[in-house]
2 protein chains.
Amino acid sequence: MTNLSELKQTGKSLGEQAHEAIRDSVITLRLVPGEMVYENQLAATYGISRTPVREAIRKLAVEELIDVLPQRGTRIAHISERKLKDAAFVRSSLEMSAFRSVAKEWSETSESCRRLKQQVQLNLAEQHKAQNNPKVFLQLDEAFHRLILQQLGNDTLLNVVLQMRGHLNRIRYLALEQLHDMERLVNEHEALFAAVTRNDDIAVAQILSGHLNKMHNDLPALKQRFADYFKP
Amino acid sequence: MTNLSELKQTGKSLGEQAHEAIRDSVITLRLVPGEMVYENQLAATYGISRTPVREAIRKLAVEELIDVLPQRGTRIAHISERKLKDAAFVRSSLEMSAFRSVAKEWSETSESCRRLKQQVQLNLAEQHKAQNNPKVFLQLDEAFHRLILQQLGNDTLLNVVLQMRGHLNRIRYLALEQLHDMERLVNEHEALFAAVTRNDDIAVAQILSGHLNKMHNDLPALKQRFADYFKP
DNA sequence: ATTACTATACTTGTATACAAGTATACGAAC
DNA sequence: GTTCGTATACTTGTATACAAGTATAGTAAT
């Protein structure tokens, strides 16, 4: 696991570092849904005091990744179908608007568009190479969406999408080994970006709409297999 | 202003109460953009210690309503045109999706739809009566949008919209006295809801799209008049 | 006068001490 | 055996003490 000295690296405050560390642990399921954790325990784990740990926990509670039970402890949030559905709706709405907007304003003469195109093409090439490595592929998938969202220049939107993806990614990590159809996902990514570069925002909406709904297929099976992780 | 004992009321923790109190002060401009505040000072104001004040401040910093300058103090965030633009985009995208979805699933036979209809009609009647009271009208306006958003049953989306509105409302409070065209806004609200109740999601999108862009008209004038409040 | 240095009085960041609420184990009463 | 009450060992909530960074005022050197 993560020990104390691992945190002492950067210029960030202990609170921020604890936040990132705990958040990552929750999303990648190293801290399993439903598990109880305690401020003292986490503080000891990271070799820091309760204060920065509390700060981290409060932020994660706002995100609904953990539940604070007053005077009783802190629980890693169960995976909630309701929350998944809601987060998917928000993410979909925002990515749809964002991608369409980027498509509408795409121009090969724009410097930023050209730079983006290079990065995306690099990313897509790596996606092809990572077909047999689900974890790497998942990160490249994330990076692809992020690259295009960044082109919009709306950090607020980007942060909301990333927050939603925190919840959605928990089930993707749950289904890591079952991550199949990677080839189809790459193809969709390529079709999506092609539509962007020819200013075809209608096609973008069409492709993206189908693309984002892929994940829900495995849900029933996952819910059965990892019943303890889900909200009753 | 708010004193200490005002906080001791409810079952909520001091941290939550401080968060609500400070947040409200920021949005209603009692704490003016650009002003420096200090944890000790706020703690003294509310008659509590620094700990719950810090908790509140961290949450507000995530929302970008305040800036924490390490070892220097805390600044009430300037009004940023960039942030306004970004927040408006996010809000618009989400309300558009939400309203359209509510319109598509509207049914007069549904119990929840009938209940909502009653509440909305009551709200619209009050909007008519509040034509000469901008502050009340603003709250009714908020309530109208909130009522319909709640019908979607997506708390996550609602919370994101409310967060965006925190930023957008600061300029509405700035322009309180100039809040004109209230009659037109009511009419738009009525047209909007009428479109919802006849399942006309296309009209909903059309009306809402124009409706949400109204606020930006006054911006240049406000920026000139309250230059200190804006980011340079 | 200007510059460079230093002391100082702030600030937030972090650790720790204390208050208060919750669940449980245990035992007495019945 | 069951129930009730109580002590106890936890937890988070809050207050305070201490550490460390920042800006500034003042002073000495030039």
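The chains referred to below are lettered A, B, ... by the order of the sequence lines, with proteins before strands, and numbering in each begins at 1.
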Check: [Y] and [X] side chains under 4.5 Å, non-hydrogen atoms:
X        : Y        : value
B:Arg165 : B:Glu95  : yes
B:Asp86  : A:Leu157 : no
A:Leu212 : A:His145 : yes

What's the [atom1]-[atom2] distance between [X] and [N], to the nearest Å?
X       : N      : atom1 : atom2 : value
B:Leu69 : C:dG13 : CG    : P     : 10 Å
A:Met36 : D:dC10 : CE    : C1'   : 11 Å
B:Arg50 : C:dT11 : CZ    : C1'   : 8 Å
A:Ile66 : D:dT12 : CD1   : P     : 10 Å
B:Tyr46 : D:dA15 : OH    : P     : 15 Å
A:Arg54 : D:dT11 : CZ    : P     : 14 Å
A:Asp67 : D:dT12 : CG    : P     : 13 Å
B:Ile48 : D:dT14 : CD1   : P     : 8 Å

task: Quick one: label B:Ser13 by what it contacts on the DNA or RNA (base, sugar-phosphate, nothing), any heavy atom closer than 4.0 Å.
output: sugar-phosphate

- prompt: Starting at the 5' end of DNA chain C, which residue's closest nucleotide do you reach first, A:Pro70 or B:Pro70?
  reply: B:Pro70

message: Checking side chain to side chain donor-acceptor pair (under 3.5 Å) between A:Asp141 and each of A:Gln127, A:Arg146, A:His189, which is the one that passes?
response: A:His189

- prompt: Of A:Thr51 and A:Ile57, whose closest DNA chain D nucleotide lies nearer the 5' terminus?
  reply: A:Ile57

field: Given DNA chain D, 5'-ward residue of the pair B:Arg72 and A:Glu39, judged by closest heavy atom
entry: A:Glu39

Minimum-distance nucleotide (side-chain atoms of B:Pro52 versus C:dA15, D:dA15, D:dT11): D:dA15

task: Output the single nucleotide from D:dA15, D:dC18, D:dT12 whose closest atom is nearest the side chain of B:Leu14.
output: D:dA15

- prompt: Can you say whether the rings of B:Phe99 and B:Phe144 are parallel (under 30°), tilted (30 to 60°) or perpendicular (over 60°)?
  reply: tilted

query: What about B:Gln71, does its side chain sit under 3.5 Å from the base of C:dT12 through a donor-acceptor pair?
result: yes

B:Ser49 side-chain N/O to D:dA15 phosphate OP1/OP2 under 4.0 Å: yes

field: Phosphate-side-chain proximity, A:Thr74 and D:dT12, N/O vs OP1/OP2 below 4.0 Å
entry: yes

